[in-house]
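A short worksheet on the structure shown next.
Every chain is numbered from 1, with letters handed out A, B, ... down the list of sequences.
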Number of protein chains: 2
Amino acid sequence: MVNSPDDSHVDSGHRAADELFRTFEGMIQSGELPDGMPLPPEREIVERYGLSRTVVREAILALSNKGLIEARPRFRPVVRKPSFDTALDTVGNVVNRLLEEESGVKNLFDMRVMVEVALSRNAATQANREDISRLKEALEANEAEIYNMDRFFETDIQFHRILYEMSGNPILPSIHKAYITWLQPNWVKMPTRPERNQLNFESHTAIYNAILMRDPDEAELVTRKHLSDAWDQINNILMRSKP
Amino acid sequence: MVNSPDDSHVDSGHRAADELFRTFEGMIQSGELPDGMPLPPEREIVERYGLSRTVVREAILALSNKGLIEARPRFRPVVRKPSFDTALDTVGNVVNRLLEEESGVKNLFDMRVMVEVALSRNAATQANREDISRLKEALEANEAEIYNMDRFFETDIQFHRILYEMSGNPILPSIHKAYITWLQPNWVKMPTRPERNQLNFESHTAIYNAILMRDPDEAELVTRKHLSDAWDQINNILMRSKP
DNA sequence: AGTTCCATTTTGGTATGACCAGACTAACGA
DNA sequence: TCGTTAGTCTGGTCATACCAAAATGGAACT
């Protein structure tokens, strides 16, 4: 039995390119290649590591695909510090395809409900003055745009974003962004009317009040109702477009 | 934004390879290339699409990196139907690097707490007989292995997995798997002792009972305590290895 | 016939070398 | 000084070649 000298792993990628990939991964992680720095030219890497350009290109492509660097068509690739945002970006493709299936959207939406319910419950027990004042601000901005469809949409999202930010966990805003990105396409087809906006604003108010009142059960209740309404809307659209 | 392969720009992604990527993406999605089917040989693709092998390989590499196909070193790549599992796989690299940083592990762990609290609350209000009997089964298996460190660890994970499965949302088991994968490395270093196992088992029992009693508040309380204990353990380890 | 084993063919991995076109740079002329 | 332009740099694509491991099919054996 022939054994590779080093790899204990299941030889996943390509031996050489994979190794180079890990090399650069390490250099990025260690800060040797700081955020924003362009990678050396391919031919220089070729020379420095004694590899073929083929291998170098594959490694770079892999770095790009994994979101570690940003490679525009004819420019040098640029190191891109990883964030939960970029992490969620890289799954975008896969998730989008999952959403095409049967109950994909429903499942993702349910996840969102679960998270937002938890967020509003937590907010109701832990929010501090500043959190609440930010939420109030968002709420007022929301009210001010009831008759402006596009702006209302933005302030709606902003209100929810504040909820995610109030968690104090930097992962959650990234998740919010991901939800928006993935669920938006199903959402925007909805015909919005001022009455609809009015209802949504009232839901937001109810959530805000429940948090203000430090009543997690109420916060959960109104959050569920709010999202359930939203789902009904989405569902109507989905039923109509995919019978 | 990451260069999604669907850029409308004139020249954004790699023109040729990207196009091929989308072609295969479409064929996989449409079922023309069903799950488990190997891709055609590179040279055949070259011939069929009139492209160079370089381009074909880059496209295949991209498919592989995005998790749409599984490419082992010298085997034909195999179509891999996307699942939330594979989606989370593809972020593994990035997440792992994020965990190296400052409060990365803490943040991820907090996410887990939030999710599991929500899960146990929901279970307490919605679990049906079968759910509860599965959980009981896992609990008993857990108890039976208190003096077997490795097996206890497994049954511990299994107990939590049931909680995730009880949600009925297929995304959640994938998330559980991701948590395990990402947090495990920090976990396994913990010296486990039977006393420790006994405590964990008692926590599991408390969670089970709260669900059985349909008491979401109690379920939340004991879940938080259980995970908080676990965190203390992890934290000790982290403090010791990274002072 | 069924199984084992080996030689041949496929096929993926790597290496070269070449050429193009867009981006970059520096010298040149108004 | 500033805008233009020619030359260079660099990534994208192509064609070819070779190697080693995998797949394949048939010969040899039980």
(message) Check the phosphate of C:dG12 against B:Arg57, side-chain N and O only, distance under 4.0 Å to OP1 or OP2. Yes or no?
(response) no
(request) Nearest whole angstrom, please: distance from the P of C:dG12 to the CG of B:Leu39. (result) 9 Å
(message) Rounded to whole Å, how long is the line connecting atom CD of B:Glu47 with atom P of D:dT16?
(response) 14 Å
(request) Grab the CD1-P distance between A:Ile60 and D:dG12 for me, whole Å please. (result) 8 Å
(request) With sequence neighbours excluded, tell me which residues meet ring pair (Phe, Tyr, Trp, His ring centres under 6.0 Å) with B:Phe152. (result) none
(message) From C-beta outward on A:Pro41, which listed nucleotide comes closest to its side chain: D:dT10, C:dA21, C:dT11?
(response) D:dT10
(request) Round to the nearest Å and state the distance from A:Phe75 atom CZ to D:dC9 atom P. (result) 18 Å
(message) When the axes are fitted on five pairs at both termini, how much does the helix from C:dA1-D:dT30 to C:dA30-D:dT1 curve, in 10° steps?
(response) 10°
(request) Find the distance A:Leu61:CG to C:dG13:P and express it as a whole number of Å. (result) 14 Å
(message) Between B:Lys66 and B:Glu25 (salt bridge meaning N to carboxylate O under 4.0 Å), is one present in this structure?
(response) no
(request) For A:Arg76 and D:dG12, give me the distance from atom CZ to atom C1', rounded to whole Å. (result) 16 Å
(message) Using the side chain to side chain donor-acceptor pair (under 3.5 Å) criterion, which residues pair with B:Glu143? Sequence neighbours excluded.
(response) none
(request) For residues B:Leu51 and B:Leu20, report the shortest heavy-atom separation together with the two atoms involved. (result) CD1-CG, 3.8 Å
(request) Would you please name every residue forming a ring pair (Phe, Tyr, Trp, His ring centres under 6.0 Å) with B:His176, sequence neighbours left out? (result) B:Tyr164
Table of protein N/O atoms under 3.5 Å from nucleotides 15-18 of chain C N/O atoms:
{"unit_1": "C:dA15", "atom_1": "OP2", "unit_2": "A:Ser52", "atom_2": "N", "d": "3.0"}
{"unit_1": "C:dA15", "atom_1": "OP2", "unit_2": "A:Ser52", "atom_2": "OG", "d": "2.8"}
{"unit_1": "C:dA15", "atom_1": "N7", "unit_2": "A:Thr54", "atom_2": "OG1", "d": "3.3"}
{"unit_1": "C:dA18", "atom_1": "N6", "unit_2": "A:Arg53", "atom_2": "NH1", "d": "3.3"}

(request) Round to the nearest Å and state the distance from A:Asp18 atom CG to C:dG13 atom P. (result) 11 Å
(message) With rounding to the nearest 0.5 angstrom, report the CD1 to CG distance, A:Ile45 to A:Leu39.
(response) 5.0 Å
(message) With a sphere of 6.0 Å drawn around CZ of A:Arg161, does it hold more than 12 non-hydrogen atoms of other residues, nucleotides or ligands?
(response) yes
(request) Nearest whole angstrom, please: distance from the P of D:dG12 to the CZ of A:Arg72. (result) 11 Å
(request) Sequence neighbours left out, what passes side chain to side chain donor-acceptor pair (under 3.5 Å) with B:Thr155? Give chain and number order. (result) B:Asn142
(request) Spell out yes or no: do the side chain of A:Arg74 and the base of C:dG22 have one donor N/O and one acceptor N/O closer than 3.5 Å? (result) no
(message) For the backbone of B:Glu19 and the side chain of B:Thr23, can you confirm whether one donor and one acceptor N or O come within less than 3.5 Å of each other?
(response) yes
